[in-house]
Amino acid sequence: MSKLTPKERMKIQRQQMPAQEPLERIKNFFEVNLGLTEELAKLEASRCLECPHPACVEGCPVNVQIKDFVALVAEGKFLDAATKIKQDNILPAVCGRVCPQEEQCEKNCVLAKKGQPVAIGNLERFVADYERNHLQKKEKIQIQKTGKKVAIVGSGPAGLSCAADLIMAGHDVTVFEALHELGGVLVYGIPEFRLPKEIVKAEIEGLKDLGVNFVTNYVIGLTETLDELRQRFDAVFIGVGAGLPYFLNIPGENLNGIYSANEYLTRVNLMKAYQFPNYDTPILDIHNKVVAVFGGGNTAMDAVRTSKRLGAKKAYIIYRRTEDEMPARKEEVHHAKEEQVEFLFLRNPIEFIGDENGYVKQVKLQVMELGEPDESGRRRPVPVEGKIESLDIDTGIIAIGNGSNPILTKTAKNLKFNRKGNIEVNPETMETNLPGVYAGGDIVTGGATVILAMGAGRKAAKAINEYLSKN
Ligand code: FAD
Ligand code: SF4
């Protein structure tokens with residue numbers, strides 16, 4: 001394969017990810033994408049032009065050595081490719097599945113100009129899965145201990161990546177997690193059909209093997225304050241995410257049958273409501289019912305596709321802008337359309353109407369149009385005066401974003417926050433105003449992405465290392 005000329009490489013079409021059939025998969029919670037075969041992966045990798053200055057690497061927030069790992073895949077050296085990726089990314093099986101590659105590495109790939117970038121995400125996923133399924137015996141790594149102790153608050157991607165780098169540097173690392181499961185949004189938010197939980201578990205097992213200590217059901221701010229924790233550890237990293245859902249603040253929002261996407265997805269994913277009564281988490285029966293999800297991001301797509309799998313007759317995405325402005329990954333939107341999700345663009349909910357028992361039965365929608373761009377650069381939706389529609393619904397799910405959870409922040413009186421409640425850090429080091437206390441991920445940026453949270457965790461780990469070498 002490596003002897004192909006650039007012209008020959010460019011003639012090969014991008015290989016499609018095999019997937020479950022849409023009408024079959026909406027009856028189950030198994031993963032939609034089935035993964036590339038070895039042959040497909042090698043063929044896809046052989047499309048790479050091995051650019052002298054690979055722009056794809058610059059597009060990756062953690063600068064995975066994409067050209068090098070893709071070349072190893074093309075040669076069939078899959079385990080070597082996994083080692084190469086893991087130099088920069090400890091969660092490749094996760095990132096290969098959930099990163100918005102079309103906005104990052106694949107957007108920068110020179111082949112994107114012709115509309116067919118190398119399928120970097122699919123290859124990353126293939127390599128990580130191959131390693132998980134084929135690596136028999138992991139080499140025991142000998143790490144020289146420093147005797148320093150670091151506490152990590154939160155076991156999402158930010159906390160996990162920070163823990164990985166710090167344990168490799170020889171520190172004792174303890175991760176404190178509020179929930180009974182580890183992984184943050186990866187386990188309580190993103191559904192099984194997009195990211196099987198066994199994959200997250202396997203990645204966390206890898207960290208346990210390296211010696212990271214995990215403590216679950218431990219809420220910093222309730223079980224112990226940040227100050228108390230700081231006294232017990234030489235340094236602390238806060239990666240508590242943005243777990244507090246925003247609401248619409250419109251009349252009728254407290255009717256029965258209206259959920260935040262957070263609660264809905266947590267019930268289904270983490271508490272396994274989709275396996276009720278085998279698991280004792282209830283959720284409103286939506287068989288043959290109409291569900292409306294408000295929002296246009298990944299959370300909205302996850303909620304609407306979950307509703308399809310729970311038997312909804314009709315499942316709507318209601319979004320106040322148009323498809324072009326939707327922040328969700330393109331693949332999720334594509335999959336949602338295949339699964340017969342209906343999209344109502346340029347509509348904004350203004351009121352929920354209930355029945356005599358206090359259950360939602362209708363939503364009033366203000367018709368919108370696009371005006372001038374706002375501070376995010378996207379065109380601002382503005383109401384079209386007098387144009388209001390009604391839609392009959394049985395369940396409403398609100399997925400318009402999350403803010404920071406006040407449990408830790410309210411009890412950490414000396415920690416500095418911005419007006420949105422996010423922790424303020426020095427962007428070079430991720431250090432907060434409290435010496436030896438660092439923060440990163442969604443609690444600093446607001447809701448963002450897995451890879452950005454991981455990048456922040458790694459940046460903080462580097463700075464913590466330097467801090468511990470002097471203190
Ligand atoms: P989190 O993942 O939120 O983890 C924080 C952890 O801290 C949680 O486990 C929480 O229980 C714990 N915690 C909170 N408070 C405390 C406390 N006081 N004490 C102890 N522990 C505490 N990003 C993508 O890149 N691609 C996607 O496809 C994608 N889909 C998403 C779908 C959904 C439904 C959601 C909600 C988000 C999605 N995101 C996606 C965003 C991404 O998941 C987040 O940006 C990322 O998980 C942030 O990582 P984090 O480590 O900062 O926080
Ligand atoms: Fe290969 Fe595309 Fe990266 Fe060039 S930009 S090295 S073609 S993946």
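Every heavy atom of this structure was used, including side-chain atoms; hydrogens, water molecules and symmetry mates were not. Note that the structure is predicted; figures quoted are calculated from it, not measured. For ligands, and for the atoms within them, numbers begin at 1 and follow the listed sequence.
For a threshold of 3.5 Å applied to N or O pairs, the pair formed by A448 and ligand 1 contains at least one separation below that value. Taking only nitrogen or oxygen atoms, main chain and side chain alike, G441 does not reach within less than 3.5 Å of ligand 1. For ligand 1, none of its N or O atoms has an N or O atom of I451 under 3.5 Å away. Remark: ligand 1 and N402 share no N or O pair separated by less than 3.5 Å (distance only, no angle test). On a distance-only criterion, D442 and ligand 1 share at least one N/O pair closer than 3.5 Å. Every N/O-N/O distance between G221 and ligand 1 stays at or above 3.5 Å. Between A158 and ligand 1, at least one N/O pair is under 3.5 Å apart. Taking only nitrogen or oxygen atoms, main chain and side chain alike, V185 reaches within less than 3.5 Å of ligand 1. Residue E177 places at least one N or O, backbone or side chain, under 3.5 Å from an N or O of ligand 1. Inclusion of P157 in the set of residues having an N or O under 3.5 Å from an N or O of ligand 1 is warranted.
Looking at heavy atoms from C-beta onward, K308 lies in side-chain contact with V341 at the 4.5 angstrom threshold. Contact check for S307 versus I397: side-chain heavy atoms found under the 4.5 Å cut-off.
Note that the CG atom of N33 and the CZ atom of F193 stand 11.5 Å from one another [nearest 0.5 Å]. Expressed to the nearest 0.5 Å, how far CG of L49 lies from SG of C109 amounts to 7.0 Å. Atoms OG1 and CD1, on T299 and I190 in that order, are 8.5 Å from each other to the nearest 0.5 Å. To the nearest 0.5 Å, the span separating CG on L207 from CD1 on I152 amounts to 10.0 Å. How far NZ of K7 is from CZ of R9: 15.0 Å, rounded to the nearest 0.5 Å.
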Yes or no on salt bridge (charged side-chain N to carboxylate O under 4.0 Å, His left out) for D165 and R458, after CA distance, side-chain angles and deciding distance?
CA-CA 7 Å; D165 283 1; R458 297 203 74 189; 2.8 Å; yes
Would R97 and D129 satisfy salt bridge (charged side-chain N to carboxylate O under 4.0 Å, His left out), going step by step from the backbone distance to the final call?
CA-CA 11 Å; R97 285 171 166 84; D129 289 357; 2.8 Å; yes
What do the steps show when you test R194 against E332 for salt bridge (charged side-chain N to carboxylate O under 4.0 Å, His left out), and what is the final call?
CA-CA 9 Å; R194 209 148 71 75; E332 308 322 323; 3.2 Å; yes
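The protein heavy atom nearest to atom 4 (O) of ligand 1 is G156 CA, 3.4 Å. From the protein, the heavy atom lying nearest to atom 53 (O) of ligand 1 is G241 CA, 3.3 Å. Nearest protein heavy-atom neighbour of atom 7 (O) of ligand 1: G154 CA, 3.2 Å. Nearest to atom 19 (N) of ligand 1 among the protein's heavy atoms is I220 N, 3.0 Å. Scanning the protein for heavy atoms near atom 1 (Fe) of ligand 2, the closest one is C48 SG, 2.4 Å. Looking from atom 26 (N) of ligand 1 to the surrounding protein, the closest heavy atom is V98 O, 2.6 Å. Atom 21 (N) of ligand 1 has A178 N, 3.1 Å as its closest protein atom, hydrogens excluded (heavy atom only). In terms of protein heavy-atom proximity, atom 30 (N) of ligand 1 is closest to R194 NH2, 3.0 Å. For atom 7 (S) of ligand 2, the closest non-hydrogen atom on the protein side is L49 N, 3.4 Å. Of all protein heavy atoms, the one lying nearest to atom 2 (Fe) of ligand 2 is C109 SG, 2.4 Å. Given atom 4 (Fe) of ligand 2, the protein heavy atom at minimum distance is C51 SG, 2.4 Å. With hydrogens left out, the protein atom closest to atom 25 (O) of ligand 1 is V450 N, 3.0 Å, a heavy atom.
The atoms of ligand 1 that sit less than 4.0 Å from any heavy atom of F176 are 20 (C), 21 (N). Close approach of ligand 1 to A453 is summarised as follows: ligand atoms under 4.0 Å from at least one heavy atom of the residue are 48 (C), 49 (O), 52 (O). The distance from ligand 1 to the heavy atoms of Y218 drops below 4.0 Å at these ligand atoms: 19 (N), 20 (C). Within ligand 1, the atoms closer than 4.0 Å to a non-hydrogen atom of L179 are 11 (O), numbered from 1 in the order shown. Shown in contact with G184 at under 4.0 Å from a heavy atom are these atoms of ligand 1, numbered in order with element: 2 (O), 4 (O), 8 (C), 9 (O). Here is the list of ligand 2 atoms found below 4.0 Å of a heavy atom in P54: 6 (S). Close approach to G239 involves these atoms of ligand 1, each under 4.0 Å from a residue heavy atom: 5 (C), 6 (C), 7 (O). Proximity to V219 (heavy-atom distance under 4.0 Å) selects the following atoms of ligand 1: 18 (N), 19 (N). With ligand atoms numbered from 1 in the order given, ligand 1 contributes 29 (C), 30 (N), 31 (C), 32 (C) to contacts under 4.0 Å with heavy atoms of I190.
Looking only at atom types and distance, the side chain of E8 has a donor-acceptor partner in the side chain of T5 under 3.5 Å away. In summary, the side chains of E224 and Y218 do present a donor paired with an acceptor at a separation below 3.5 Å, with no hydrogens or angles considered.
The heavy atom nearest to atom 13 (N) of ligand 1, out of those in V240, D302, N298, is found in V240.
If you look at F214 and F176, their ring centroids are not closer than 6.0 Å.
Only side-chain heavy atoms of L265 come within less than 4.0 Å of ligand 1; its backbone N, CA, C and O stay farther off. Here E332 has no heavy atoms under 4.0 Å from ligand 1, in either its backbone or its side chain. In T299, the parts holding a heavy atom less than 4.0 Å from any atom of ligand 1 are both the side chain and the backbone.
Within the structure, the closest approach of V70 to ligand 2 does not fall below 4.0 Å when heavy atoms are considered.
Judged by the 6.0 Å distance and 45° axis criteria, K84 is not positioned over the aromatic ring of F69.
Shown here for M301 and A328, the closest heavy-atom pair between the two residues is CG-CB, 3.7 Å.
The only member of E338, K330, K337, E331 that meets side chain to side chain donor-acceptor pair (under 3.5 Å) when paired with H334 is E338. The one candidate from E124, R329, E106 that meets the side chain to side chain donor-acceptor pair (under 3.5 Å) condition with Q101 is R329. None of R309, Q20, E192 except one satisfies the side chain to side chain donor-acceptor pair (under 3.5 Å) rule with N28; the exception is Q20.
Within the coordination shell of atom 1 (Fe) of ligand 2, defined by N, O or S atoms under 2.8 Å, C56 is absent.
Applying the 6.0 Å contact sphere to CD of E228 captures more than 12 heavy atoms from other residues, nucleotides or ligands. Counting non-hydrogen atoms of other residues, nucleotides and ligands closer than 6.0 Å to CZ of F247 gives a total above 12.
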